[in-house]
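Lettering follows sequence order; numbering is per chain, from 1. In this text the structure is predicted, and so the values were computed from the model without any measurement.
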Number of protein chains: 2
Amino acid sequence: MSRILIVEDDERIRSSMRLALEEEGYDVDDVGNGEDAVTLFGAEPYELVLIDLMLPGIDGFETCRVIRRQSTVPVIMVTARSDTHDVVAGLEAGADDYVTKPFVAKELAARIRALLRRSRHDGEGSAVLSFGDVVIEPEAGVVRRAGVEVHCTRTEFRLLCELANHPGKVLSREQLLERVWGYDYFGDGRLVDVHVRRLRTKVEPDPALPRFILTVRGMGYKLAV
Amino acid sequence: MSRILIVEDDERIRSSMRLALEEEGYDVDDVGNGEDAVTLFGAEPYELVLIDLMLPGIDGFETCRVIRRQSTVPVIMVTARSDTHDVVAGLEAGADDYVTKPFVAKELAARIRALLRRSRHDGEGSAVLSFGDVVIEPEAGVVRRAGVEVHCTRTEFRLLCELANHPGKVLSREQLLERVWGYDYFGDGRLVDVHVRRLRTKVEPDPALPRFILTVRGMGYKLAV
DNA sequence: GCGGTCGTGTCATGATCGGGTCATGAGTCG
DNA sequence: CGACTCATGACCCGATCATGACACGACCGC
């Protein structure tokens with residue numbers, strides 16, 4: 001299961017957290033201060049880090065910042081201070097969530113699951129692409145809209161994936177021709193238009209007024225973010 | 001800025017949330033029940049969804065699940081019920097975060113930022129140009145002024161990028177013609193003036209008294225540092 | 001082999017939008 | 001005061017794109 005690092009100076013809280021998480025099936029390490037946390041984090045792979053705010057030496061904010069500088073690992077701040085200012089500061093320091101003590105083990109576990117779910121998901125090789133109510137499963141070669149499968153041809157599917165892989169970025173016709181049709185393709189750039197149109201009829205709520213597959217005049221096409 | 005969908009039945013809370021988020025620069029839509037939420041979500045692109053737990057018709061959990069079945073969009077539950085059981089249920093339903101009312105706007109905004117930060121796996125890599133309250137995203141082909149998108153044509157966009165790439169440096173008409181229009185362009189240098197003017201109407205606070213795109217008499221144009 | 005279907009690329013048409021030119025006026029400098 | 005430079009607004013043509021129709025070939029069942 002996932003490896004989790006706990007950074008907490010209070011011995012009792014630390015071991016109770018550790019127990020609770022091991023109960024959930026996680027592989028847990030724990031340290032009592034920020035320096036050790038940074039050292040250990042550099043030496044071992046962790047999938048998530050829990051940091052207490054009040055630490056001897058460098059505090060939780062700073063520890064979080066240092067870790068964030070070298071990694072995008074999910075970080076949860078676990079602390080007694082529930083002041084809005086602290087919450088905001090913690091999140092701005094790079095934490096993904098902020099839980100106040102006394103916390104309930106079940107809730108912390110749920111938040112950890114939610115965070116791991118997301119971080120795995122938007123990690124590389126995300127199995128699923130989506131926009132609006134459209135879901136694309138590149139592996140399965142399936143496109144669904146509002147749950148129902150939409151049949152796409154091979155070219156349409158590749159084109160859709162190419163757009164969905166770069167949401168918000170404008171892709172020129174040349175780029176699309178190269179990536180969807182192949183490096184050696186010498187054809188009319190208008191060809192892209194036709195396939196975009198066909199895609200729109202299958203994927204857009206109103207193909208006449210596209211909301212997702214947008215044309216950027218003179219530049220190409222892009223998927224709305 | 002990012003588009004956010006609010007799902008909340010209480011009219012007052014809804015509008016106050018909306019205001020608070022618009023204050024932060026987000027582009028906000030809101031609906032009063034789960035059905036409308038799902039419908040709108042399928043028809044418009046959103047980057048994040050806020051869902052209240054207590055909704056008429058299908059409740060917040062179910063709304064979250066339906067959306068989650070169709071998309072990996074970040075979801076935050078915002079609700080009055082702070083029971084651990086509800087928190088866990090919300091997160092298990094697919095929510096990424098769970099905020100209890102009464103909430104502080106600053107904290108909600110910070111949590112939204114944290115979530116968007118993580119969900120944008122790509123956004124950070126792209127370079128961004130800016131001056132004053134204008135932000136240019138070359139990859140996305142987007143120009144924003146004070147957060148709101150300003151439509152620029154292809155030539156305007158290229159010209160603006162060219163200027164923004166050399167802030168403080170005077171660029172002659174010949175240089176601009178060469179770099180924006182192409183090496184072989186033989187046309188009137190006045191052409192640049194016209195496009196500068198068009199840019200100014202879109203980007204300058206007062207186009208008659210330019211503060212950013214400055215004319216250097218006899219030499220060309222430059223972007224103010 | 002034969003006819004049908006399906007996917008793909010090409011073409012013609014029409015609407016829209018963007019870009020280049022021009023005439024005019026204001027501002028600036030010698 | 002001219003001469004030059006730039007700003008402004010209007011205008012027209014051509015580029016660009018959406019759309020629908022169609023031709024060609026691959027694939028498949030018969």
Original post:
When the distance from CG of Leu191(B) to P of dT21(C) is rounded to whole Å, what number comes out?
Top reply: 6 Å
Original post:
With sequence neighbours excluded, what pairs up with Arg211(A) under the salt bridge (Lys or Arg N to Asp or Glu O under 4.0 Å) test?
Top reply: Glu44(B)
Original post:
Phosphate oxygens OP1/OP2 of dT5(D): is one of them under 4.0 Å from a side-chain N or O of Arg190(B)?
Top reply: no
Original post:
Is Arg68(B) reaching over with its side chain to a backbone N or O of Val73(B), donor-acceptor style, under 3.5 angstrom?
Top reply: yes
**OP:** Using atom CG of Asp188(A) as one end and atom C1' of dC11(C) as the other, report the distance to the nearest whole Å.
**Re:** 9 Å
Subject >> Rounded distance in Å - CE (Met219(B)) to P (dT28(C)) >> reply: 18 Å
Subject >> Stepwise side-chain contact (heavy atoms from CB on, under 4.5 Å) check, Arg173(B) with Leu191(B) >> reply: CA-CA 9 Å; Arg173(B) 288 177 174 71; Leu191(B) 174 55; over 6 Å; no
Subject >> Intermediate values then yes/no, side-chain contact (heavy atoms from CB on, under 4.5 Å), Tyr26(B) and Glu47(B) >> reply: CA-CA 10 Å; Tyr26(B) 296 108; Glu47(B) 246 188 294; over 6 Å; no
**OP:** Report yes if a side-chain nitrogen or oxygen of Trp181(A) is closer than 4.0 Å to either non-bridging phosphate oxygen (OP1 or OP2) of dG9(C); otherwise report no.
**Re:** yes
Subject >> No-hydrogen, no-angle side-chain donor-acceptor test under 3.5 Å, Tyr98(B) and Asp86(B) >> reply: no
Without placing hydrogens or testing angles, list every side-chain donor-acceptor pair under 3.5 Å for residues 160-168 of chain B, not counting sequence neighbours.
from      : atom 1 : to        : atom 2 : distance (Å)
Glu162(B) : OE2    : His166(B) : NE2    : 3.3
Glu162(B) : OE2    : Arg179(B) : NH1    : 3.1
Asn165(B) : ND2    : Cys161(B) : O      : 3.2
His166(B) : NE2    : Arg179(B) : NH1    : 3.2

**OP:** Check DNA chain C against residues 160-170 of chain B and give the residues with a non-hydrogen atom under 4.0 Å, in numerical order.
**Re:** none
**OP:** To the nearest Å, give me how far apart CG (Leu176(A)) and P (dC17(D)) are.
**Re:** 12 Å
Original post:
How far does CD of Glu137(A) sit from CD of Glu149(A), to the nearest 0.5 angstrom?
Top reply: 9.0 Å
Would you give me the side-chain donor-acceptor pairs under 3.5 Å for residues 54-61 of chain B, sequence neighbours excluded?
from     : atom 1 : to       : atom 2 : distance (Å)
Asp59(B) : OD1    : Phe61(B) : N      : 3.3
Asp59(B) : OD1    : Glu62(B) : N      : 2.9

Original post:
Quick one, which residues of residues 151-158 of chain A touch DNA chain C with a heavy atom under 4.0 Å?
Top reply: His151(A), Thr153(A), Arg154(A), Thr155(A)
Original post:
Does Lys222(B) NZ have over 12 foreign heavy atoms under 6.0 Å away?
Top reply: no
Original post:
Considering only side-chain heavy atoms of Tyr221(A), which listed nucleotide, dA18(D), dG20(C), dC6(D), is closest?
Top reply: dA18(D)
**OP:** Would you mind telling me which residue lines up with the more 5' stretch of DNA chain D, Gly220(A) or Arg173(B), judged by nearest nucleotide?
**Re:** Arg173(B)
**OP:** For the pair Asp96(A) (side chain) and Val75(A) (backbone), establish whether a donor and an acceptor sit closer than 3.5 Å, ignoring hydrogens and angles.
**Re:** yes
**OP:** With a 4.0 Å heavy-atom cut-off, tell me which residues in residues 192-209 of chain A come close to DNA chain C, sorted by residue number.
**Re:** Val194(A), His195(A), Arg198(A)
Subject >> Test: Arg200(B) and Asp193(B) ion pair at under 4.0 Å >> reply: no
